[in-house]
K.L.:
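There's a structure below that I have some questions on.
Within every chain, numbering begins at 1; the chains are lettered A, B, ... in the order of the sequence lines, protein sequences first and strands thereafter.
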Amino acid sequence: MKKGDHLFLVDGSGYIFRAYHALPPLTRKSDGLPVGAVSGFCNMLWKLMLDARNTEAGVVPTHFAVIFDYSSKTFRNELYPEYKANRSAPPEDLIPQFGLIRQATKAFELPCIEMEGFEADDLIATYARLACEAGGDTTIVSSDKDLMQLVGPSVSMYDPMKDRQINIPEVIEKWGVPPEKMIDLQALTGDSVDNVPGVPGIGPKTAAQLLEQFGDLDTLLARASEIKQDKRRQSIIDNAEKARISRELVRLKIDVPVADGLEDFVLQPPNGPKLIGFLKTMEFTSLTRRVAEATGTEAGEIEAAPVSVQWGADAHGPDVGAGAIPAAAPAAATAARANGGSTAAAVPSSAPSDSGTALDTPTDLANKIAAAAVSEKFDHAAYVTIRDLATLKAWVAEATEAGVVAFDTETSSLDPMQAELVGISFATAPGRAAYVPLAHKSGRGDLLGGGLVENQIPVRDALAVLKPLLEDGSVLKIAQNLKYDLVVMNRHGVDIRPFDDTMLLSYVLDGGTNGGHGMDPLSEKWLGHTPIAFKDIAGSGKNFVGFDQVDIDKATAYAAEDADVTLRLWRVLKPRLAAKGLTSVYERLERPLVPVLAEMEQRGISVDRQILSRLSGELAQGAARLEDEINTLAGERFNIGSPKQLGDILFGRMGLPGGTKTKTGQWSTSAQVLEDLAAEGHELPRKIVDWRQLTKLKSTYTDALPGFINPETKRVHTSYALAATTTGRLSSSDPNLQNIPIRTAEGRKIRTAFIADKGNKLISADYSQIELRVLAHVADIAQLKQAFADGVDIHAMTASEMFSVPVEGMPSEVRRRAKAINFGIIYGISAFGLANQLSIPREEASDYIKKYFERFPGIRAYMDETKAFCRDTGYVETIFGRRIHYPEIRSSNPSVRAFNERASINARLQGTAADIIRRAMIRMDDALVAAKLSARMLLQVHDELIFETIESEVAATIPVVRHVMENAAMPAASMSVPLHVDANAADSWDEAH
DNA sequence: ACAGAAGCTTA
DNA sequence: GTAAGCTTCTGTT
């Protein structure tokens with residue numbers, strides 16, 4: 001190695017653990033072998049290899065090695081027997097991946113370095129030193145803080161998962177000390193994961209401050225008596241020896257007697273066939289393809305290479321010897337392909353969940369179909385562009401014959417109520433897909449001014465051919481987020497049934513796991529394929545062009561691929577539904593809601609422009625007056641909307657009493673802080689709070705809402721997301737009609753603008769205390785159930801139980817506290833949160849909670865049981881079987897864990913309530929029709945439904961609505977607590993609620 | 001032009 | 001203490 005050379009050292013062991021926890025679990029499709037960390041590792045190495053040959057990337061490695069821990073016993077254990085003693089065994093599905101990652105390294109033609117008695121970190125330190133002495137530079141591929149002590153002028157670190165370089169400034173920024181003081185810092189803070197003791201009570205912030213003050217650890221220990229804080233001084237004096245031992249534990253060894261020299265690390269060009277053989281065995285289809293392209297190798301001609309898999313506990317060590325078994329992959333994958341994958345001829349004529357036989361367990365079948373959907377290649381050139389009716393009819397016949405067709409609409413807008421249909425794509429088998437351009441326009445520079453491109457089937461003619469297919473009860477239509485396509489097609493007089501929605505399948509199966517339910521992440525996760533990005537063909541930002549401007553060849557590749565991906569996803573996901581027992585959640589809570597919401601969105605609600613305009617004027621006046629007063633009081637003009645400037649003025653220039661802390665070092669100017677200051681008699685903060693309220697109302701509601709009035713329908717059409725929340729609630733956007741103000745008189749006025757059409761009324765029907773009722777039922781709390789059965793004031797009852805005060809003549813403050821506790825329970829209560837809510841000391845909040853649990857021991861049992869269940873299974877369930885996953889419930893970080901525990905407790909309650917109102921919505925239209933009523937649902941706000949109906953039917957409608965809502969849980973679940981619904985009718989939402 | 005923080009609205 | 005979405009400001013691309 002010489003000056004100018006660059007050594008890359010990959011911290012293999014560190015990467016394994018980080019990738020395992022950071023990446024979604026991934027198993028080999030053919031046999032379920034866990035390979036998530038291996039996949040991450042291979043992708044990372046490949047990316048580094050690509051950069052290595054890209055001279056523009058700046059840093060070009062000439063030498064390369066991957067370093068591993070050999071075993072957990074090292075020289076440090078002699079120094080301190082407890083070192084890494086509390087480390088638990090690695091997760092079961094990680095064990096086989098240790099060996100696989102070493103084999104991956106070899107497939108990449110990279111040195112795989114490990115040494116008995118030393119950690120990977122020591123080897124890295126030693127090689128970095130050798131490289132430095134030879135005049136070369138080193139990049140350590142890791143983000144482990146233990147390695148940061150090595151950073152210097154010729155040694156830097158690179159975090160491959162965040163794509164971030166770590167040099168001296170980054171270390172200082174993160175830890176407050178330069179790299180050379182990291183050893184002292186870690187000696188003070190210790191490390192609970194590795195069981196390095198450190199000094200109790202000293203964290204990174206304090207340690208950095210002490211080192212800043214004293215210079216280094218020895219000086220600090222020698223002059224510890226000078227420390228002012230009593231507890232801190234005592235702890236450092238008492239634990240000086242522990243700090244010295246810790247320093248030796250964290251200090252990396254730079255003189256390990258290594259066997260290989262740097263000359264063995266010279267980077268070799270990739271061996272395409274060898275690498276592809278390994279990747280094929282792992283079934284990393286996407287990476288295999290990329291490697292084949294880059295190395296000019298014909299992947300199809302290469303056999304999957306045998307690998308050895310060790311499930312045993314010894315898999316930590318070198319991967320020779322004991323228990324190696326040949327991988328089952330090639331045979332299983334072949335069998336799966338034969339079973340039902342390859343072409344149209346083998347497409348099952350009904351849904352795969354129906355086609356399982358006695359020979360296949362659901363899981364086997366799921367694996368086989370998944371393998372088939374994944375094994376077929378994505379070939380954009382094979383997609384067909386349909387330009388005439390005869391071809392279209394032939395495809396419709398093919399789809400009808402297949403019985404299953406995936407389809408997707410391409411439009412000019414994200415808003416389905418304004419979107420123009422531009423084209424339609426469909427797929428009848430993996431790899432067999434087509435696109436029908438309908439309304440592509442020529443470029444805008446054209447003098448013809450966006451005339452239709454030639455050779456397209458007219459929309460009307462195409463729909464006449466497609467309508468029978470889309471409405472054919474014997475052909476299953478599959479889409480991703482079908483509600484969008486349904487709204488678009490409904491506007492053209494076409495219905496879509498029967499159907500499946502891959503987004504909803506994923507939501508039901510994997511709700512709460514990391515990664516969204518959009519098509520791109522699903523394709524990545526299940527098919528290992530990255531589809532063409534929308535922005536790559538239609539641009540983004542100022543380069544954005546509507547889909548109707550996209551070149552038809554590009555549009556074909558993009559649109560047909562979407563249909564192809566959707567079909568393959570369905571083949572992967574649908575069988576998992578039955579395998580996991582989630583069919584009824586999908587079929588009863590998700591799928592039927594799609595047409596219901598599509599209709600609600602299409603109906604929209606009338607919003608009175610004039611009312612909003614008048615309100616906007618009033619708000620502007622009020623805000624302007626406050627602005628003048630604020631500027632006068634502050635003595636200068638500034639941007640009131642800037643929390644930064646406001647903080648500087650209030651707490652800096654004006655010197656108001658110590659504002660509360662903030663996250664990024666800024667003064668907090670939250671309403672809470674300003675209210676507190678106002679209570680102390682300061683004039684300005686009150687006015688800021690008022691100003692914020694007025695400007696918020698103006699910008700978010702009175703000014704924004706008119707822009708959402710559809711020019712054609714003159715109504716506002718929100719968009720409901722079915723798969724956006726973790727708990728099963730809906731969300732509303734564009735505009736969000738689930739957060740229209742109500743609490744303050746000023747805000748409430750916004751609701752007067754939501755009105756019924758002439759001769760009509762709005763009806764608002766809302767569940768009373770639904771989540772507390774669900775709690776009473778699920779946790780089986782006798783007193784609560786009795787209270788709800790008797791119809792008494794639940795918060796007063798709680799207060800009476802807790803504080804032994806009669807309900808008659810109860811002070812409102814006592815009831816307020818009980819109410820906060822009741823809400824707290826639903827939110828997974830913590831003393832910290834309750835104290836905040838009630839502005840009382842944490843100890844007092846703690847006492848309240850204790851008292852509450854004494855009075856209602858069943859609640860504590862319920863909460864403990866929920867946490868335990870979630871910890872065991874990784875999810876919680878609503879009473880209707882909806883699963884909500886909390887993959888971080890077992891986090892070693894106590895605050896992360898506590899957060900997940902609270903969320904899981906809340907999810908059972910919030911999720912059950914969400915399921916109940918979903919059931920009501922699904923039944924509502926039929927019930928209204930059966931009662932010969934013309935009322936229809938317009939909006940849903942979590943526990944409230946808004947209807948519009950003709951005035952004369954109001955009285956008859958309310959009992960029907962209440963009946964459907966109050967009995968919505970039946971018969972799937974029989975609630976032991978009655979549900980109660982309040983309903984009112986009026987001309988506006990304000991009066992009706 | 002975009003991303004993240006801060007702040008505020010709802011159930 | 002739970003669950004969302006939107007606007008403004010601010011600093012980076």
Side-chain angles (χ1 to χ4, degrees), chain A residues 511-512 535 539-544 638-647 662-674 688-689 691-701 703-705 707-708 718-721 724-744 746-748 750-751 766-772 775 820-838 842 845 848-849 863 876 884 886 895 898-911 913-914 917 939-944 993:
Chain A
K535 66 174 195 315
S540 66
K542 67 173 180 170
N543 296 318
F544 175 79
F638 70 106
N639 185 347
I640 306 167
S642 161
K644 191 170 176 289
Q645 292 181 33
L646 177 62
T662 46
K663 190 175 152 197
T664 55
Q666 289 293 331
W667 294 109
S668 167
T669 65
S670 65
Q672 180 66 61
V673 170
L674 298 181
I688 305 275
V689 170
W691 179 87
R692 278 189 183 159
Q693 194 201 174
L694 299 189
T695 52
K696 173 81 177 176
L697 292 173
K698 183 170 184 299
S699 68
T700 308
Y701 302 104
D703 290 354
L705 278 173
F708 285 101
T718 184
S719 172
Y720 287 105
T725 70
T726 45
T727 55
R729 274 189 178 182
L730 303 179
S731 78
S732 155
S733 64
D734 309 298
N736 180 354
L737 295 186
Q738 291 181 324
N739 72 346
I740 302 301
I742 191 166
R743 283 196 228 277
T744 66
E746 278 293 295
R748 243 192 124 114
I750 309 279
R751 293 192 171 218
D766 68 300
Y767 284 106
S768 150
Q769 309 282 11
I770 187 167
E771 290 181 5
L772 270 180
L775 172 71
I821 294 169
N822 276 334
F823 272 96
I825 296 294
I826 292 170
Y827 297 152
I829 208 147
S830 76
F832 182 86
L834 184 62
N836 253 348
Q837 177 66 34
L838 290 174
R842 187 146 14 139
Y848 283 175
I849 295 169
M863 294 175 102
V876 292
I884 300 142
Y886 288 95
S895 69
F899 175 80
N900 278 273
E901 289 171 353
R902 290 194 298 272
S904 66
I905 288 165
N906 174 255
R908 277 181 85 183
L909 308 175
Q910 193 185 107
I917 197 167
L939 304 175
Q940 189 250 41
V941 192
H942 307 309
D943 64 0
E944 174 188 15
H993 189 82

K.L.:
Between dC6(C), dA3(C), dA11(B), which nucleotide has the shortest distance from any of its atoms to the side chain of D734(A)?
P.N.:
dC6(C)
K.L.:
Looking at every strand, decide which applies to I826(A) at a 4.0 Å heavy-atom threshold: base, sugar-phosphate, or nothing.
P.N.:
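The answer is nothing, as I826(A) stays clear of every strand by at least 4.0 Å.
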K.L.:
Show each protein N/O and nucleotides 6-9 of chain B N/O combination with a separation under 3.5 Å, one pair to a line.
P.N.:
from: dA6(B); atom 1: OP1; to: T664(A); atom 2: OG1; distance (Å): 2.8
from: dG7(B); atom 1: OP1; to: T669(A); atom 2: N; distance (Å): 3.0
from: dG7(B); atom 1: OP1; to: T669(A); atom 2: OG1; distance (Å): 2.7
from: dG7(B); atom 1: O3'; to: R692(A); atom 2: NH1; distance (Å): 3.2
from: dG7(B); atom 1: N2; to: K696(A); atom 2: NZ; distance (Å): 3.2
from: dC8(B); atom 1: OP1; to: R692(A); atom 2: NH1; distance (Å): 3.1
from: dC8(B); atom 1: OP2; to: A671(A); atom 2: N; distance (Å): 3.3
from: dC8(B); atom 1: O2; to: K696(A); atom 2: NZ; distance (Å): 2.8
from: dT9(B); atom 1: O2; to: N739(A); atom 2: ND2; distance (Å): 2.9

K.L.:
Using a cut-off of 4.0 Å on non-hydrogen atoms, how would the nucleic acid contact of T695(A) be classed: base, sugar-phosphate, or nothing?
P.N.:
nothing
K.L.:
Looking at S733(A), is its backbone amide N or carbonyl O close enough to the side chain of T718(A) to form a donor-acceptor pair, meaning the two atoms are under 3.5 Å apart?
P.N.:
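It does hold such a pair.
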K.L.:
Starting at atom CZ of F638(A), determine the distance to atom P of dT8(C), rounded to an integer number of angstrom.
P.N.:
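Checked: the CZ to P distance equals 17 Å.
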K.L.:
Please pick, from dT2(C), dG5(C), dG11(C), the nucleotide with the shortest atom-to-atom distance to any side-chain atom of S733(A).
P.N.:
dG5(C)
K.L.:
Mind checking what makes ring-ring contact (aromatic ring centres under 6.0 Å, His included) contact with Y886(A), not counting sequence neighbours?
P.N.:
none
K.L.:
In whole Å, I'd like the distance from the CD1 atom of I884(A) to the C1' atom of dA3(C).
P.N.:
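My rounded result for the distance is 11 Å.
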K.L.:
Regarding A835(A), tell me which of base, sugar-phosphate or nothing describes its non-hydrogen contacts under 4.0 Å with the strands shown.
P.N.:
nothing
K.L.:
Mind checking if S830(A) touches a base, just sugar-phosphate, or nothing, with heavy atoms under 4.0 Å?
P.N.:
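If one applies the 4.0 Å heavy-atom cut-off, S830(A) turns out to touch a base.
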K.L.:
Rounded to whole angstroms, how far apart are CG on L909(A) and P on dT2(C)?
P.N.:
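Those two atoms, CG and P, are 13 Å apart.
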K.L.:
Closer than 4.0 Å, any side-chain N/O of T725(A) to the OP1 or OP2 of dA11(B)?
P.N.:
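No.
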K.L.:
To the nearest angstrom, how far is H942(A) atom NE2 from dA11(B) atom C1'?
P.N.:
5 Å
K.L.:
Which nucleotide in the list dT2(C), dA4(C), dT7(C) gets nearest to the side chain of R902(A)?
P.N.:
dT2(C)
K.L.:
Taking atom C1' of dA3(C) as reference, at what distance in whole Å does atom CD1 of I770(A) sit?
P.N.:
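To the nearest whole Å, that distance equals 15 Å.
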K.L.:
Can you tell me if Q645(A) touches the phosphate of dT10(C), counting only side-chain N or O atoms and a distance under 4.0 Å to OP1 or OP2?
P.N.:
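For dT10(C), OP1 or OP2 has a side-chain N or O of Q645(A) closer than 4.0 Å.
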K.L.:
For V673(A), give me all partners under side chain to side chain contact (heavy atoms under 4.5 Å, CB included), at least two apart in sequence or on another chain.
P.N.:
F651(A), T660(A), S668(A), S670(A), L677(A)
K.L.:
Using a 4.0 Å heavy-atom cut-off across all strands, classify G641(A) as base, sugar-phosphate, or nothing.
P.N.:
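Answer is sugar-phosphate: G641(A) comes under 4.0 Å of backbone atoms only.
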K.L.:
Between Y827(A) (OH) and dT10(B) (P), how many Å, whole number?
P.N.:
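Checked: the OH to P distance equals 12 Å.
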K.L.:
Which part of the nucleic acid, if any, lies within reach of F823(A) when heavy atoms closer than 4.0 Å are counted: base, sugar-phosphate only, or nothing?
P.N.:
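No contact.
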K.L.:
Output all residues satisfying salt bridge (charged side-chain N to carboxylate O under 4.0 Å, His left out) with R842(A), sequence neighbours left out; order by chain, then residue number.
P.N.:
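R842(A) satisfies salt bridge (charged side-chain N to carboxylate O under 4.0 Å, His left out) with no residue once adjacent residues are dropped.
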K.L.:
Report the nucleotide, chosen from dG11(C), dA4(C), dA11(B), that has the shortest atom-to-atom distance to any side-chain atom of R751(A).
P.N.:
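Of all the options, the side chain of R751(A) is nearest to dA11(B).
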K.L.:
Taking only residues two or more places apart in sequence, or in another chain, which ones meet P741(A) in a side chain to side chain contact (heavy atoms under 4.5 Å, CB included)?
P.N.:
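So P741(A) forms a side chain to side chain contact (heavy atoms under 4.5 Å, CB included) with L697(A), Y701(A), I750(A).
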K.L.:
For K696(A), give me all partners under salt bridge (charged side-chain N to carboxylate O under 4.0 Å, His left out), at least two apart in sequence or on another chain.
P.N.:
none
K.L.:
For L939(A) and dG5(C), give me the distance from atom CG to atom C1', rounded to whole Å.
P.N.:
16 Å
K.L.:
Under a plain distance cut-off of 3.5 Å, with no hydrogens placed, do T744(A) and Q693(A) share a side-chain donor-acceptor pair?
P.N.:
yes
K.L.:
Can you tell me whether the side chain of Q910(A) and the base of dT2(C) have a donor-acceptor pair closer than 3.5 Å?
P.N.:
yes
K.L.:
CG of L694(A) versus C1' of dT7(C): gap in Å, rounded?
P.N.:
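Distance check: L694(A) CG to dT7(C) C1' gives 16 Å.
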K.L.:
Could you check whether any side-chain N or O of R751(A) sits under 3.5 Å from a backbone N or O of I740(A), counting only pairs where one atom can act as donor and the other as acceptor?
P.N.:
yes
K.L.:
Just to be sure I understand the rule, does A914(A) reach a base, reach only the sugar-phosphate, or reach nothing, if contact means heavy atoms closer than 4.0 Å?
P.N.:
nothing
K.L.:
Are any of S540(A)'s side-chain N or O atoms less than 4.0 Å away from OP1 or OP2 of dA1(B)?
P.N.:
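No, because none of the side-chain N or O atoms of S540(A) sits under 4.0 Å from OP1 or OP2 of dA1(B).
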